[in-house]
Q: 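Structure incoming, see below.
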Amino acid sequence: MKNIEIIGGKRLSGKLRIHGAKNSVLPIIAGAMLNSGKTVIKDCPNLSDVHSAFNILRNLGCKVALAGNVAEIDAEDVTCSSIPDDLMKEMRSSVMFLGAIISRCGNACISCPGGCDLGPRPIDLHIKAFRELGVEIEETEKYIYCKKNSELFGGNICLDFPSVGATENIMLLTAKSDGVTIIDNPAKEPEIVDLQNFLNSMGADISGAGTDKITIRGVRTLRDTIYTVIPDRIAASTYLCAAAGCGGEVTLLNVVPQHIDKVIWVLRNAGCYIFESENAVKIISDGKLKAVSGIETHPHPGFPTDVQAPVMAALSMTQGTTIFIENLFKGRFRHVAELQKMGADITRFNQVAAVRGVERLSGAEVVATDLRGGAALVIAGLMAEGKTIISDILHIDRGYEHIEKDLALLGANIRRV
Ligand code: EPZ
């Protein structure tokens, strides 16, 4: 099992280009199935979650090739409509293939997506919406069987919660249909807008992504497209947190500043200088940060849950105390115990964590508990005195292209061992 070894205490400086967005490219890869032809995805990040998605497409009969960051998907012959257990287990968000498979094949069978690093991951909102749209669904202990008896005629869906995955699944299910589907209370994340733009580039007729109402006017066929994925706002936020915590001067290229406005606001309040241009962001930090008033995670446009752990690491060596409230996932404080091993002073009560800034962190042997929690440990290791060894780094590889190479380019003493 590989580990990441860090000798902390170095300032970061230099330029780094941010890769395409993992949480955008995954539903787009599923969407490629809706076209019985060729789809080219540019700026496709080279991540293990992306390779898992490619394996699911191959299992369904598609041909997939990734050259650098360009993915070519040929979905001419889809021969299967089920995802085997092992592939479902590899990536919890495989459930988002459900809508695309039903649309393409008329039926689908997947195993129930188990829990994951962040706690239970229910899909009740997906199932409820699909049933309201006319999909017959039978749930057993282990499997979910779906079948659409006739063409989908659309409908009005009001989501009880603005679930990202459920919004994406409904868009993928209904892009090709006979009617009009309205989604009220949809997720508004930039990745939803990217999925709308991707599907429309294939000939779909979707509008309203990013607002309180998405309208999907079903079309009969979709066509070949070449599409470039938006930059990964969570990866950009992670590197900003690293530069903020370590001190230094770092410029991130291929960034959409308004996608990370809440993170920029927090880091400016912590004492960093951040400059924005159309597609780049520059941060200057002396590494001596101030605590920030409460950070509470919410669906977009609120503070993103995926950046809660990286920001907690960056703010663990500050003057004062920062209160974090995690509203999205029950199991999203598992990095707290690992940060405490490095000397962080954090008191946790259910979904609240009070982080009292300490003078210094000390290197330690820690375990990556999940993707963003692992990224937080990398940041803490860069800030700490001495050596930090992070194990279970496969979690981190799910969402960051060669994180250690990128940080080494910025001057960090970090390597994969
Ligand atoms: C997406 O997960 C992202 N993953 C997550 O990023 C991100 O944290 C999350 O959205 C919130 O922004 C991808 O896009 C691949 P949700 P998703 O459905 O779709 C509950 C990362 O680190 N819920 O908006 O699973 C759910 O339990 C990952 O890159 C239901 O109760 O998120 C959670 O508490 C982690 N029933 C909340 O809603 C449902 O049917 C948000 O889930 C669906 C969700």
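Order of appearance sets the numbers: ligands from 1, and atoms from 1 within every ligand.
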Q: Check Ser163 against ligand 1 and report side chain, backbone, both or neither, counting heavy atoms closer than 4.0 Å.
A: both
Q: Classify the angle between the aromatic ring planes of Tyr145 and Tyr143 as parallel (below 30°), tilted (30 to 60°) or perpendicular (above 60°).
A: tilted
Q: Quick one: look up the protein heavy atom nearest atom 3 (C) of ligand 1 and list residue, atom name and how far away it is.
A: Asn23 ND2, 3.7 Å
Q: Could you find the nearest protein heavy atom to atom 19 (O) of ligand 1 and give me its residue, atom name and distance?
A: Gly165 N, 2.8 Å
Q: In ligand 1, which numbered atoms sit nearer than 4.0 Å to a non-hydrogen atom of His126?
A: 40 (O)
Q: Consider ligand 1: state whether an atom of it lies below 4.0 angstrom from any non-hydrogen atom of Ala187.
A: no
Q: Out of all atoms in ligand 1, which are within 4.0 Å of some heavy atom of Leu371? Include the element for each.
A: 22 (O), 29 (O)
Q: Say you draw a straight line from CG of Asp406 to CZ of Arg17; how long is it, rounded to the nearest 0.5 Å?
A: 11.0 Å
Q: Any N/O of Val164 closer than 3.5 Å to an N/O of ligand 1?
A: yes
Q: Could you grab the distance from atom NE2 of His126 to atom CD1 of Ile144, nearest 0.5 Å is fine?
A: 9.5 Å
Q: Counting from 1, what ligand 1 atoms have a heavy atom of Leu328 closer than 4.0 Å?
A: 33 (C), 34 (O), 37 (C), 41 (C)
Q: Which atoms from ligand 1 have a heavy atom of Lys22 less than 4.0 Å away?
A: 21 (C), 29 (O)
Q: Salt-bridged, Arg131 to Glu138, with N to O below 4.0 Å?
A: no
Q: Starting from atom 8 (O) of ligand 1, locate the nearest protein heavy atom and write down its residue, its atom name and how far away it is, to 0.1 Å.
A: Asp306 OD1, 2.5 Å
Q: What is the closest protein heavy atom to atom 29 (O) of ligand 1, and at what distance does it sit?
A: Arg372 NH2, 2.8 Å
Q: Give the numbers and elements of all ligand 1 atoms closer than 4.0 Å to a heavy atom of Ser93.
A: 15 (C)
Q: Can you measure from OG1 (Thr225) to CG (Asn200) and round to the nearest 0.5 angstrom?
A: 10.0 Å
Q: What protein heavy atom sits nearest atom 36 (N) of ligand 1, and how far off is it?
A: Asp124 OD1, 2.7 Å
Q: Can you tell whether the side chains of Lys142 and Asp85 come within less than 4.0 Å, N to carboxylate O?
A: yes
Q: Given Val255 and Leu252, is the side-chain contact (heavy atoms from CB on, under 4.5 Å) satisfied, shown in steps?
A: CA-CA 7 Å; Val255 171; Leu252 299 181; 3.7 Å; yes
Q: Taking CG in Leu409 as the centre, count heavy atoms belonging to other residues, nucleotides or ligands within less than 6.0 Å. Is the count above 12?
A: yes
Q: Scan Ile41, Leu199, Asp194, Val40 and name whichever one has a side-chain contact (heavy atoms from CB on, under 4.5 Å) with Tyr227.
A: Asp194
Q: Check ligand 1 against Phe161 and write out every atom of the ligand that is under 4.0 Å from a heavy-atom position of the residue.
A: 37 (C), 38 (O), 41 (C)
Q: Below 4.0 Å from ligand 1: does a non-hydrogen atom of Arg332 turn up there or not?
A: yes
Q: Run through Lys2, His402, His51, Arg416 and flag the one making a side-chain hydrogen bond (donor to acceptor under 3.5 Å, both in side chains) with Asp397.
A: Arg416
Q: Name the closest protein heavy atom to atom 32 (O) of ligand 1, giving the residue it belongs to and the distance to 0.1 Å.
A: Phe329 CZ, 4.0 Å
Q: If you count heavy atoms of other groups shown closer than 6.0 angstrom to NZ of Lys148, is the number above 12?
A: yes
Q: May I ask you to identify the nearest protein heavy atom to atom 40 (O) of ligand 1, giving residue, atom name and distance to one decimal place in Å?
A: Leu125 N, 2.7 Å
Q: State the atoms of ligand 1, each with its element, that fall below the 4.0 Å cut-off from a heavy-atom position in Thr305.
A: 8 (O), 11 (C)
Q: Looking only at heavy atoms of Ile234, does any of them come nearer than 4.0 Å to an atom of ligand 1?
A: no
Q: Answer yes or no: does atom CD of Glu365 have more than 12 heavy-atom neighbours from other residues, nucleotides or ligands under 6.0 Å?
A: no
Q: Return the closest protein heavy atom for atom 17 (P) of ligand 1 as residue, atom name and distance.
A: Arg121 NH2, 3.9 Å
Q: Is atom 21 (C) of ligand 1 less than 4.0 angstrom from some protein heavy atom?
A: yes
Q: Indicate yes or no: does an N/O atom of Leu26 lie under 3.5 Å from an N/O atom of ligand 1?
A: no
Q: Salt bridge check, Lys22 against Asp232: does any charged N sit closer than 4.0 Å to a carboxylate O?
A: no
Q: Can you confirm whether more than 12 heavy atoms, excluding those of Lys341, are under 6.0 Å from its NZ atom?
A: yes
Q: Of the listed options (Pro122, Gly331, Ala166), which comes nearest to atom 43 (C) of ligand 1 when hydrogens are ignored and any heavy atom counts?
A: Pro122
